[in-house]
Amino acid sequence: MKIKHLSFLLIVIFFTRCKEEVLPKPKAFLKLDYPEASYQKVVSGCPYTFQIAQNSIVNFENNCWLKINYPLLDATVHVTYRRVNNNLDEVLREVEKLTFEHTVKADGIGISQPYENEYSKVYGKIINVEGDVASNLQFHATDSIKNVLYGSLYFNVKPNYDSIYPAIKYIEKDIKNLMQSIEWKN
């Protein structure tokens, strides 16, 4: 009996000692490669021009509204143009109201980045909305006299902030460039 127990014990020890050491797996990070940004000027019959990314497609609609489509990211920046008729404060309040409507489901309003270019007469702001909301990135720009452009970024997927965050940051660079390149025609 002792020999059976001893041989069983030796077999168990042999098989347990031959196992490799178990190590935890390192955290994996998603690596997304987006194309290097290059820009082209968009000229139309509207009272403004600006630059957009070459990998995007612009479609003008009525009243100089437009959509900037990013086919590779399945995203669209909807841009609205408003002519100011001594009602700049009212128009800017409407723009801010649209932004804050998205905060109902937001985790919070992120960094609000003001933009000002005295030479080009472009004044505006980029607003990041954090969380699973319909639009995580919004902006507006004005010459403070006649024109206001405002836009919102939308993805054609159910909002999942963690998943789309890299794409938001990628398009945010394009929106910054758009604002920096605005030229008012009138």
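The shown structure was predicted, so the numbers you read here are calculated from the model rather than taken from an experiment. One is the number of the first residue; the rest follow in order along the sequence. Because only heavy atoms are used, hydrogens play no part in the values below, and waters and symmetry mates are left out as well, while side chains stay in.
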[atom2] on [Y] to [atom1] on [X], rounded to 0.5 Å:
X: Thr142; Y: Asn147; atom1: OG1; atom2: CG; value: 7.0 Å
X: Lys125; Y: Met179; atom1: NZ; atom2: CE; value: 10.0 Å
X: Ile171; Y: Leu73; atom1: CD1; atom2: CG; value: 5.0 Å
X: Ile175; Y: Ile52; atom1: CD1; atom2: CD1; value: 12.0 Å
X: Ile168; Y: Asn128; atom1: CD1; atom2: CG; value: 8.0 Å
X: Asn136; Y: Glu130; atom1: CG; atom2: CD; value: 9.0 Å

Relative to each other, are the rings of Tyr161 and Tyr165 parallel, tilted or perpendicular (30° and 60° limits)? perpendicular
Test Ser135 against Val129 for side chain to side chain contact (heavy atoms under 4.5 Å, CB included), laying out the working first. CA-CA 7 Å; Ser135 176; Val129 180; over 6 Å; no
Test log, rule side chain to side chain contact (heavy atoms under 4.5 Å, CB included), inputs Phe50 and Gln180: CA-CA 8 Å; Phe50 54 75; Gln180 293 168 354; over 6 Å; no
Between the main-chain N or O of [Y] and the side-chain N or O of [X], is there a donor-acceptor pair closer than 3.5 Å?
X: Thr76; Y: Ile68; value: no
X: Asn69; Y: Pro71; value: no
X: Tyr170; Y: Pro35; value: yes
X: Asn117; Y: Ser120; value: yes
X: Ser181; Y: Gln51; value: yes

How close do [X] and [Y] get, counting heavy atoms only, and between which atoms?
X: Asp143; Y: Tyr123; result: O-CE1, 4.0 Å
X: Pro114; Y: Ser112; result: CD-O, 3.2 Å
X: Pro159; Y: Val133; result: CB-O, 3.3 Å

Do the non-hydrogen side-chain atoms of Pro47 and Cys64 ever get within less than 4.5 Å of each other? yes
Taking the side chain as every heavy atom from C-beta outward, state whether Lys146 and Trp184 have any atom pair closer than 4.5 Å. no
Identify, with sequence neighbours excluded, every residue that meets ring-ring contact (aromatic ring centres under 6.0 Å, His included) alongside Tyr115. none
Evaluate the salt bridge (charged side-chain N to carboxylate O under 4.0 Å, His left out) criterion for residues Glu172 and Lys169: first the C-alpha distance (whole Å), next the side-chain angles of each, then the deciding distance (0.1 Å), finally the verdict. CA-CA 5 Å; Glu172 182 178 6; Lys169 287 304 191 188; 2.8 Å; yes
Looking at Lys173, I'd like to know if its NZ atom is crowded, meaning that more than 12 non-hydrogen atoms belonging to other residues, nucleotides or ligands lie closer than 6.0 Å. no
Check the surroundings of atom CG in Asn160: do more than 12 heavy atoms from other residues, nucleotides or ligands lie under 6.0 Å from it? yes
Are [X] and [Y] connected, step by step, through hydrophobic side chains (Ile, Leu, Val, Met, Phe, Trp, Tyr) whose heavy atoms are closer than 4.5 Å?
X: Leu137; Y: Val157; answer: yes
X: Val58; Y: Val77; answer: yes
X: Val42; Y: Leu153; answer: yes

Might you work through the side chain to side chain contact (heavy atoms under 4.5 Å, CB included) test for Phe60 and Cys46, ending with a clear yes or no? CA-CA 9 Å; Phe60 280 90; Cys46 298; 3.9 Å; yes
Verify the distance criterion only: is there a donor paired with an acceptor across the side chains of Tyr81 and Asn63 at less than 3.5 Å? no
Worked check of side chain to side chain contact (heavy atoms under 4.5 Å, CB included) between Asn55 and Tyr70: CA-CA 7 Å; Asn55 62 342; Tyr70 287 83; 4.3 Å; yes
